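What's counted below: heavy atoms across the whole structure, side chains too, no hydrogens, waters or symmetry copies. Quantities reported herein were computed from a predicted structural model and do not represent experimental measurements.
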Amino acid sequence: MTPIEQIQQQHGIVGRERELATALAVLGAGRHLLLEGPVGVGKTTVALAVCGHLGRDTVRVDGDDRYSESKLTGWFDPPLVLKQGYGEDAFFAGPLVEAMRDGKVLFINELNRMPESVQNVLLPALDERLLQVPHIGEVHAADGFQVVATQNPVEYVATGHLSEALRDRFEHLALDYQDAAEEASIVAVETGSDDAELVQTAVRLTRATRLHPRFRKGASVRGAIATVAIAERLGAEERADVAAVSRETLRRAAEAALTTRVDLRDDIDADFGVALDELMELVVERGEDPDVALAPPETAPKA
């Protein structure tokens, strides 16, 4: 069994052979890794699976716009400072200092949600493997220290651009949505459903949100997973007499699963219910594949 197959089996990852191979190569070369892609494509899963396969301990940070520099590097306990003064005994190491001292991987989820001032703290650690901590002095990174980070596209709410200097310290790995067959396999595994038709329909409805002109941002495979899980529970009683989940039950499940995971375009006057009805007509009534029916027209060749 190859290393990629071992990771897939151990962590339940469907596909992603190319991405896993690249991540293994980057971390194996001692480089820092930035995974970029939409919400729900498995950035965190890939990152932690590769670290686990390599036997690397990780220290996790979840980025947000209120994350502070001291929270990343460490802080002094005021009562201890008053009693003992500034020193190691009064200092509580943050995740960056912990990872540097112990030679661990610092995993930063959604790096581009952090304030720029916090991002800048990483630069000397990434570049020189060195950090200056007031009252403590220099912290030198032990062998094995690396940073693995994820970020969502900048058009997502509450995200921003990384500085050119910071991006230059990372190797980049892009993750996009997987194809329909792989997403169907993911949904079947995650839900345990043996209803292939329901799984395919949920996947098609979810994929249609990424292509339909009413939507600015579509849902990830999580939307299809939730649709199947909810539909099977809603339809538990009716399926005693009916061979498949009814259209109404499917619509109720899709509405619950997809509403919070999509954004409609501001320039189109419609609510989510109207948009969902259009998706249902396309996928359920007409039985069409949105990857074909909603695919953007190919650019006409130049004369």
| request: Working to the nearest 0.5 Å, report the span between CE of Met100 and CG of Leu130. | output: 6.5 Å
| Cut-off 3.5 Å, side chains only: do Gln178 and Glu183 have a donor facing an acceptor? | no
| said: Can you confirm whether Arg286 is buried at CZ, in the sense that more than 12 heavy atoms of other residues, nucleotides or ligands lie under 6.0 Å from that atom? | reply: yes
| query | Under 3.5 Å, is there a donor-acceptor pair between the Thr150 and Glu36 side chains? | reply | no
| query | Do any N or O atoms from the side chain of Thr249 and from the backbone of Val245 form a donor-acceptor pair under 3.5 angstrom? | reply | no
| Residues Gln10 and His53: side-chain donor-acceptor under 3.5 angstrom | no
| request: State whether the side chain of Thr209 and the backbone N or O of Thr206 hold a donor-acceptor pair below 3.5 Å, judged by distance alone. | output: yes
| request: Give a yes or no on whether a salt bridge exists between Asp277 and Arg251, defined as a side-chain N under 4.0 angstrom from a carboxylate O. | output: yes
| query | Can Asn152 and Lys43 be counted as having a side-chain donor-acceptor contact under 3.5 angstrom? | reply | yes
| task | With side chain to side chain contact (heavy atoms under 4.5 Å, CB included) as the test, would you mind laying out the steps for Asp64 and Met114 before giving the verdict? | result | CA-CA 5 Å; Asp64 62 59; Met114 286 180 163; over 6 Å; no
| field | Atom pair CD1/CG of Ile108 and Leu35 - distance to nearest 0.5 Å | value | 12.0 Å
| field | Heavy-atom pair with the smallest gap, counting every atom of Leu234 and Ala253 | value | CD1-N, 4.1 Å
| Side chain of Arg31, backbone of Phe170: donor and acceptor closer than 3.5 Å? | no
| Is it true that Glu285 and Arg247 make a salt bridge, defined as a side-chain N closer than 4.0 Å to a carboxylate O? | yes
| field | Donor-acceptor pair, side chain of Ser220 and main chain of Arg222, under 3.5 angstrom | value | yes
| message | Pair Arg216, Leu264 - check side chain to side chain contact (heavy atoms under 4.5 Å, CB included), show working. | response | CA-CA 5 Å; Arg216 182 180 68 83; Leu264 294 173; over 6 Å; no
| task | For the pair Glu232 and Ser193, evaluate side-chain hydrogen bond (donor to acceptor under 3.5 Å, both in side chains) and give the outcome as yes or no after the intermediate values. | result | CA-CA 8 Å; Glu232 290 198 323; Ser193 177; 2.7 Å; yes
| Does the side chain of Glu138 come within less than 4.5 Å of His140's, by heavy atoms? | yes
| Passes side chain to side chain contact (heavy atoms under 4.5 Å, CB included), Leu122 versus Leu111? Steps please. | CA-CA 11 Å; Leu122 290 170; Leu111 172 60; 3.9 Å; yes
| field | Gap separating the OG1 atom of Thr45 from the CD atom of Glu19, nearest 0.5 angstrom | value | 12.5 Å
| field | CG-CG distance between Asn112 and Asp65, expressed to the nearest 0.5 angstrom | value | 11.5 Å
| query | Taking all non-hydrogen atoms of both residues, which atom of Val203 and which atom of Ala180 are closest, and how far apart? | reply | CG1-O, 4.1 Å
| Can you tell me how far the CG atom of Leu250 sits from the OG1 atom of Thr227, to the nearest 0.5 Å? | 7.5 Å
| query | Are any of the side-chain heavy atoms of Gln8 and Glu17 separated by less than 4.5 Å? | reply | yes
| query | If you measure from CD on Glu69 to OG on Ser117, what distance do you get to the nearest 0.5 Å? | reply | 4.0 Å
| field | Over 12 foreign heavy atoms within 6.0 Å of CD, Glu116 | value | no
| So do the side chains of Ile4 and Leu24 get within less than 4.5 Å of each other, counting heavy atoms only? | yes
| Can any side-chain N or O of His212 pair as donor or acceptor with the backbone N or O of Arg214 at less than 3.5 Å? | yes
| query | Do Val41 and Arg16 have side-chain heavy atoms sitting under 4.5 Å apart? | reply | yes
| query | So does Glu164 have more than 12 non-hydrogen atoms from other groups sitting under 6.0 Å from CD? | reply | no
| said: Cation-pi check for Tyr177 against Arg210: NZ or CZ below 6.0 Å from the six-membered ring centre and within 45 degrees of the axis, yes or no? | reply: yes
| request: Compare every heavy atom of Gly223 with every heavy atom of Ala257, then report the nearest pair and how far apart it is. | output: CB-O, 3.7 Å
| query | Glu110 and Gln151: side-chain donor and acceptor closer than 3.5 Å? | reply | no
| Minimum heavy-atom distance Ala184-Val199, with the two atoms named | O-CG1, 3.6 Å
| Any side-chain heavy-atom pair of Val59 and Val105 under 4.5 Å | no
| Between Gln200 and Glu197, is there a donor-acceptor pair closer than 3.5 Å when you use the side chain of the first and the backbone of the second? | no
| Heavy-atom closest pair, residues Ala125 and Leu96 | CB-CD1, 4.2 Å
| remark: Heavy-atom nearest pair, Leu27 first then Cys51, reads CD1-SG, 4.0 Å
| Stepwise, does the side chain to side chain contact (heavy atoms under 4.5 Å, CB included) test hold for Phe107 with Val61? | CA-CA 6 Å; Phe107 173 65; Val61 171; over 6 Å; no
| message | Please check: side-chain N/O of Asp102 versus main-chain N/O of Lys104, any donor-acceptor pairing under 3.5 Å? | response | no
| said: Ignoring hydrogens and geometry beyond distance, is a side-chain donor-acceptor pair present between Glu171 and His32 at under 3.5 Å? | reply: no
| field | Side-chain donor/acceptor of Arg129 to backbone N/O of Ala142, under 3.5 Å | value | yes
| Any side-chain heavy atom of Val148 sitting closer than 4.5 Å to one from Val26? | no
| task | Kindly determine whether Arg169 and Asp127 satisfy salt bridge (charged side-chain N to carboxylate O under 4.0 Å, His left out), including the steps that lead there. | result | CA-CA 7 Å; Arg169 270 65 178 183; Asp127 201 23; 2.9 Å; yes
| task | Flag the pair Leu173 / Leu34 as yes when at least one side-chain heavy-atom distance between them is below 4.5 Å, and no otherwise. | result | no
